[in-house]
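The next block holds one structure in the form of structure tokens; read it before the comments.
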Amino acid sequence: MVNPLTPDADTVAPRSILFIGGTGVISTAAAERAVALGHRLTILNRGRSTRPVPEGVEILTADVRDASAVRAALAGREFDAVADFITFTPDQAKASLDLFAGRTGQYVFISSASAYQKPPTTLPIRESTPLKNPFWQYSRDKIACEERLYQAYREQDFPLTVVRPSHTYDRTKIGMVGGWTDIHRMRAGLPVMVHGDGTSLWTLTHSQDFAKAFVGLLGRPQAVGESYTITSDEYLPWNQIYQLFARAAGVREPELVHVASETIAAHSAELGANLLGDRSHSVVFDNTKIKSLVPGYCATIPFADGAREIVQWFDANPELQTVDQDYMALADRLTAWARSGA
């Protein structure tokens with residue numbers, strides 16, 4: 001039996017797909033997947049990314065915030081699916097409605113799993129889990145976008161599909177709070193700050209795995225009016241995530257110092273919003289719904305492999321090994337405070 005998710009599957013009918021953005025962590029992998037499956041992919045963006053675009057992709061250069069420029073670039077064009085990776089506020093969602101109504105059979109809004117109830121009252125998290133995040137404006141804006149777009153689906157028959165990814169990474173994205181600075185601290189023998197007690201559960205999904213499910217729902221009329229969580233089924237405690245990074249970096253016994261997320265938030269509003277609004281809460285996701293639409297979907301890249309891929313890539317690109325001195329000072333201060341037992 002032919003697996004419809006494999007690049008050589010002859011059961012996948014080519015579709016005309018437009019990506020708005022198309023060169024981020026998630027969208028780059030999705031573009032590669034779409035091309036491998038033989039879809040006709042067009043990417044519209046400002047043309048400023050350094051990420052390579054797969055061969056055969058049509059590139060349109062326009063700022064999606066400039067409605068007249070987008071209309072000119074897309075004059076007379078229609079698509080089986082439009083995937084919007086760069087709408088973050090309700091005003092931007094309204095502009096997308098105006099641009100793409102009547103131009104596509106499916107508009108896919110990339111929302112966020114951080115929009116789900118925080119803290120969650122039950123696990124696993126499903127599409128039926130309420131959307132509520134009192135801690136993080138980013139998540140509240142995504143919720144507001146969904147509400148505006150679903151209103152258009154109900155009242156104007158706008159062909160909406162909502163996708164909620166959680167922490168999705170590729171080799172360029174270090175999942176620890178301090179990024180490369182935490183790798184630097186591990187290798188220098190310095191204490192590394194871990195939020196909470198390190199036992200809350202977290203889900204990390206490789207972008208290549210995400211792309212399998214995401215591209216599988218494009219152009220599917222059954223998906224219109226629906227929302228889908230797309231994540232890995234693997235979940236890990238934060239202590240283990242940090243230890244996997246340490247192992248990949250050649251550090252056998254990193255000194256992990258636990259600091260309450262509320263304490264970190266009190267010293268850094270920027271870090272605190274993400275921690276209290278997402279990472280400090282255990283998240284385990286139920287992917288049954290996306291698997292029912294894309295039956296072959298299975299995330300197959302364990303984070304142990306992902307962490308090695310990330311560290312190897314940064315080691316091969318030393319110019320990207322940026323040490324954040326402000327984070328260094330914060331980590332020094334809070335780990336010293338935590339170790340003192342104050």
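Along the sequence shown, residues carry numbers from 1.
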Does the Lys NZ or Arg CZ of K289 fall within the cation-pi geometry relative to Y228 - under 6.0 Å from the ring centre and within 45° of the axis? yes

Note to self: Checking F85 against F214 for the ring-ring contact (aromatic ring centres under 6.0 Å, His included) test, could you report, in this order, the C-alpha distance in whole Å, the side-chain angles of both residues, the deciding distance, and whether it holds?
What the structure shows: CA-CA 12 Å; F85 295 90; F214 181 77; 5.5 Å; yes

Is it true that, when you exclude [X] itself, more than 12 heavy atoms of the residues, nucleotides or ligands shown sit nearer than 6.0 Å to its [atom1]?
X    : atom1 : result
R220 : CZ    : yes
E319 : CD    : yes
K173 : NZ    : no

Rounded to the nearest 0.5 Å, what's the gap from [atom1] on [X] to [atom2] on [Y]? Could you check?
X    : Y    : atom1 : atom2 : result
W136 : I143 : CH2   : CD1   : 11.5 Å
D278 : N133 : CG    : CG    : 7.0 Å
K118 : K132 : NZ    : NZ    : 12.5 Å
R148 : T89  : CZ    : OG1   : 12.0 Å
I310 : H206 : CD1   : NE2   : 7.5 Å
H184 : D182 : NE2   : CG    : 10.5 Å

Determine whether a donor-acceptor pair (N or O, by modelled atom type, separation under 3.5 Å) exists between the side chain of [X] and the backbone of [Y].
X    : Y    : answer
S282 : L201 : yes
S261 : L276 : no
S268 : I264 : no
H281 : G277 : no
H167 : L204 : no
D80  : I17  : no
T181 : D324 : yes
T203 : V283 : yes
Q208 : A29  : no

Taken in chain and number order and not counting sequence neighbours, the residues that satisfy side-chain hydrogen bond (donor to acceptor under 3.5 Å, both in side chains) with D315 are R187

Test ring-ring contact (aromatic ring centres under 6.0 Å, His included), reference Y169, set F210, F303, F245, output is F303

Between W202 and the options Y235, F285, Y242, W238, the ring-ring contact (aromatic ring centres under 6.0 Å, His included) test singles out W238

Contact between [X] and [Y] at the side-chain level, heavy atoms closer than 4.5 Å - yes or no?
X    : Y    : answer
P165 : I110 : yes
L293 : Q222 : yes
M328 : R185 : yes
D141 : F88  : no
S114 : K142 : no
V177 : M193 : no
V57  : V35  : yes
L131 : Y116 : yes

Exactly one of I290, T229, T288 clears side-chain contact (heavy atoms from CB on, under 4.5 Å) with E127, and that residue is T229

Say whether [X] and [Y] are linked into one hydrophobic cluster, either directly or through other cluster members, by side-chain heavy-atom distances under 4.5 angstrom.
X    : Y    : value
V108 : V64  : yes
V25  : I43  : no
L256 : L334 : yes
W337 : L271 : no
I125 : Y138 : no

(Q) Quick one, T322 with W180, criterion side-chain contact (heavy atoms from CB on, under 4.5 Å). Give me CA distance, side-chain angles, the key distance, then yes/no. (A) CA-CA 6 Å; T322 303; W180 177 260; 5.8 Å; no

**OP:** Check step by step if side-chain contact (heavy atoms from CB on, under 4.5 Å) holds for V294 and K212.
**Re:** CA-CA 9 Å; V294 187; K212 299 175 190 175; over 6 Å; no

Query raised in the report: Any Lys/Arg nitrogen of R308 or D305 sitting under 4.0 Å from an Asp/Glu carboxylate oxygen of the other?
Result: yes

Review point. Taking 4.0 angstrom as the limit, do D286 and K291 come out as a salt bridge?
Key: no

Let me have the donor-acceptor pairs involving side chains of residues 94-107, under 3.5 Å, with sequence neighbours excluded, atom names and distances please.
unit_1	atom_1	unit_2	atom_2	d
K94	NZ	D98	OD1	3.1
K94	NZ	D98	OD2	2.9
S96	OG	D84	OD2	3.0
S96	OG	T87	OG1	3.3
S96	OG	Q92	O	3.2
R103	NE	L99	O	3.2
R103	NH1	L74	O	2.8
R103	NH1	R77	O	3.2
T104	OG1	F79	O	3.3
T104	OG1	V82	N	3.4
T104	OG1	Q106	N	3.1
T104	OG1	Q106	O	2.8
Q106	OE1	G219	N	2.6
Q106	NE2	T161	OG1	3.1
Q106	NE2	L217	O	3.2
Y107	OH	D84	OD2	2.7

Closest heavy-atom pair, R164 versus A113, reported as atoms and distance to 0.1 Å, is CB-N, 3.9 Å

Take D170 and W313 through the test side-chain contact (heavy atoms from CB on, under 4.5 Å) and record every step on the way to the result.
CA-CA 10 Å; D170 66 3; W313 190 79; over 6 Å; no

### Query
Which is it for Q137 and R140 under the side chain to side chain donor-acceptor pair (under 3.5 Å) test, yes or no, and what are the steps along the way?
CA-CA 5 Å; Q137 187 62 44; R140 293 196 294 274; 2.7 Å; yes

Next on the checklist: Go through it in stages, so that I can follow the logic: the residues are N239 and H258, the test is side-chain contact (heavy atoms from CB on, under 4.5 Å), and I'd like the CA-CA distance, side-chain angles, deciding distance and then a yes or no.
Outcome noted: CA-CA 9 Å; N239 283 336; H258 298 108; 2.8 Å; yes

